[in-house]
Protein chains: 2
Amino acid sequence: MIDEPGLRQRKKLQTRTRIEAAALDLFERQGFDGTTVEEIAGAAQIAPRTFFSYFPTKEDVVLADYAGRLERIVEQLGDRPPAETPWAALRASFVVVAADYDTQRRELVRRFRIMADSASVHARSLQLQSGWEDALAAALGARMGDDTESLTSRLLASAALSAMRSSQRHWIATGQTTPLPTLVESCFDQLADGLADLG
Amino acid sequence: MIDEPGLRQRKKLQTRTRIEAAALDLFERQGFDGTTVEEIAGAAQIAPRTFFSYFPTKEDVVLADYAGRLERIVEQLGDRPPAETPWAALRASFVVVAADYDTQRRELVRRFRIMADSASVHARSLQLQSGWEDALAAALGARMGDDTESLTSRLLASAALSAMRSSQRHWIATGQTTPLPTLVESCFDQLADGLADLG
DNA sequence: GTGCAAGATTGCAGTGACTGCATAAATCGT
DNA sequence: ACGATTTATGCAGTCACTGCAATCTTGCAC
């Protein structure tokens, strides 16, 4: 079942990579809003129409690898021992993914910068995260044996993403001086212990 | 300094209301994406071009009163005694606004339904909430005497909005059987006491 | 009231993201 | 090498949104 990647697959991946590279470069030099799909297509040597068979929206080029992360988090969550507390399981799952972030530091910071520059990319990012929240809440609901729309699983999923977002933002703002997993652990722990006495 | 609302102001408000009414009606009948600005303008008896001098985007008609709520929350936050814990101050502020929600129940449920139907309205809502988070984090930072970009104030603001969103969603999903302020209090308390033992 | 300044409405032309459809080109399995 | 399946492309169209200039309405000073 190991697919030798045929020429077709290889070429498609190449093109995709070429589009991403060209787009990110243009975004950095002209700004996201100052760059048209036509320009990206030109720089990537494809027809403008073809762009949209690789990415559903212009924004998604910047957030290309977001989808994969959700899968990894949910996957991690499925691997956690059932005896573990939901919050502990969430914490462990997110820390694993945060470690990946540290690995791809340069690339991610690049994309974050573009996101910070453009309102529409940021909006799209939040929209995707909202989808993650749904998936997480569902996974937690299953884990906790709830059939119904549970307020608790929602709150847990939402709080976890809050911890992640806050950590990311601080990580970027401080020039990645503290490793991201450390920040994530810290945020998760604060939420674990309660916010009552903070500040 | 009490402005007697001149004819000008009154007319403008009327038009705005007429646009909102026409738009919401069309959205409910044809779906958000199935309704064009041209149609809304026609139904509201204005020129299409005029629509955009009342609302910056089509999405904003659905979220028209969002802006006011942030102001009220930040205002409430400013009125809380400085001795109070940040989280306690946040809780109190949000509960006040949640009470307003209960008052305007019918209208809000209408708008929430449209938002649930349309991905772009939902995205826009998240974007606006992100702006609130910035404002809240700044207000908390000031309250706590932080000059710097503080991880803690971010986390508090973000967690507060998570509590609000989760409560709202549950409120809508359960047909508003439990009053919203009660749900909000419950979520804030769970975050205050810590998520470690939940589930 | 009359006239002038400020504000509101409108039309027009344009940009740019995105889509459906039909056709051509490349690649795959046989 | 050949038919089937993908993939690339061109074309025409929709729609949100914008800048600009002209026009009309309201507010206000006199």
Side-chain angles (χ1 to χ4, degrees), chain A residues 1-20 22-23 26-27 30-64 114 117-125 127, chain B residues 1-20 22-23 26-27 30-64 114 117-125 127:
Chain A
M1 269 303 194
I2 298 174
D3 276 322
E4 184 71 32
L7 177 57
R8 211 166 218 161
Q9 309 289 329
R10 216 179 320 144
K11 238 183 154 180
K12 206 162 181 279
L13 185 61
Q14 265 183 352
T15 304
R16 195 188 161 88
T17 308
R18 193 156 15 97
I19 295 175
E20 276 190 46
L26 286 169
F27 292 159
Q30 315 177 351
F32 182 83
D33 294 329
T35 305
T36 67
V37 170
E38 206 176 352
E39 285 176 305
I40 300 173
Q45 305 170 50
I46 55 168
R49 184 65 181 85
T50 307
F51 175 89
F52 293 104
S53 66
Y54 282 88
F55 297 96
T57 71
K58 203 176 87 176
E59 285 77 20
D60 283 303
V61 183
V62 185
L63 309 170
I114 297 168
D117 173 59
S118 157
S120 63
V121 178
H122 188 234
R124 178 71 176 148
S125 158
Q127 192 182 10
Chain B
M1 269 304 195
I2 297 174
D3 276 324
E4 185 70 31
L7 176 57
R8 210 164 218 160
Q9 309 289 327
R10 218 179 317 145
K11 238 183 154 181
K12 211 166 177 209
L13 185 62
Q14 265 184 351
T15 304
R16 195 187 161 88
T17 307
R18 194 158 11 100
I19 296 175
E20 276 190 47
L26 286 169
F27 291 161
Q30 317 179 348
F32 181 84
D33 293 330
T35 305
T36 67
V37 170
E38 207 177 351
E39 286 176 304
I40 300 172
Q45 305 169 51
I46 55 168
R49 184 66 182 85
T50 307
F51 176 89
F52 294 103
S53 67
Y54 281 88
F55 297 97
T57 71
K58 203 176 88 175
E59 285 76 21
D60 282 303
V61 183
V62 185
L63 309 170
I114 297 168
D117 174 60
S118 157
S120 63
V121 177
H122 188 233
R124 178 72 174 149
S125 158
Q127 192 183 9

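Every chain is numbered from 1, with letters handed out A, B, ... down the list of sequences. Owing to the predicted nature of the structure, the values given are computational and were not obtained by experimental measurement.
Taking the ring axis of B:Phe51 as reference, the NZ or CZ atom of B:Lys58 does not stay both within 45° of it and closer than 6.0 Å to the ring centre.
Picking from C:dT9, D:dT9, C:dT27 the nucleotide with the shortest atom distance to the side chain of A:Thr50 gives D:dT9. In this structure, of C:dG20, D:dA8, D:dC20, it is D:dA8 that holds the atom nearest to the side chain of A:Thr15. Among the nucleotides D:dC17, C:dT9, D:dA8, the one closest to the side chain of A:Tyr54 is D:dA8.
In terms of position along DNA chain C, the nucleotide closest to A:Thr36 lies nearer the 5' end than the nucleotide closest to the other residue of the pair A:Thr36 and A:Arg49.
Heavy-atom minimum distance, B:Gly34 versus B:Glu39: O-OE1, 3.7 Å. Taking all atoms of both residues into account, the shortest heavy-atom contact from B:Ala43 to B:Ala22 is CB-CB, 3.8 Å. Of all heavy-atom pairs spanning A:Lys12 and A:Ser53, the tightest one is NZ-O, 4.2 Å.
To the nearest angstrom, P of D:dC11 lies 13 Å from CD of A:Glu38. Put simply, CZ on B:Phe32 is 12 Å from C1' on D:dC15, counting in whole angstrom units. Remark: P of C:dC28 and NZ of A:Lys12 are 13 Å apart, rounded to the nearest angstrom. As rounded to whole Å, 11 Å separates atom P of C:dG7 from atom CD of B:Gln9. In this structure, A:Phe52 places its CZ atom 19 Å from P of D:dG13, rounding to the nearest Å. Taking atom CD1 on B:Ile46 and atom C1' on C:dG11, their separation rounds to 14 Å, with Å as the unit. Computed from coordinates, the A:Ile19 CD1 to D:dT7 C1' distance equals 12 Å when rounded to whole Å. Atom pair A:Gln14:CD and C:dA26:C1' shows a separation of 14 Å (rounding to whole Å applied).
Within the 4.0 angstrom heavy-atom criterion, no nucleotide atom of any strand lies near B:Phe51. Note on B:Phe55: nothing from the nucleic acid sits closer than 4.0 angstrom, heavy atoms only. In this structure, A:Thr35 reaches the sugar-phosphate backbone alone: every heavy-atom distance under 4.0 Å involves primed, P, OP1 or OP2 atoms, never a base.
Contact between the side-chain N/O atoms of A:Lys58 and the OP1/OP2 oxygens of C:dC18 is not found at any separation under 4.0 Å. In this model, the phosphate group of C:dA8 is not approached by any side-chain N or O of B:Lys11 to a distance below 4.0 Å at OP1 or OP2.
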- Task: Could you give me the CA-CA distance, side-chain angles and deciding distance for A:Tyr54 and A:Glu20, then say whether side chain to side chain contact (heavy atoms under 4.5 Å, CB included) is met?
- Result: CA-CA 10 Å; A:Tyr54 282 88; A:Glu20 276 190 46; over 6 Å; no
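For A:Arg8 against D:dT5, a side-chain-to-base donor-acceptor contact under 3.5 Å is present.
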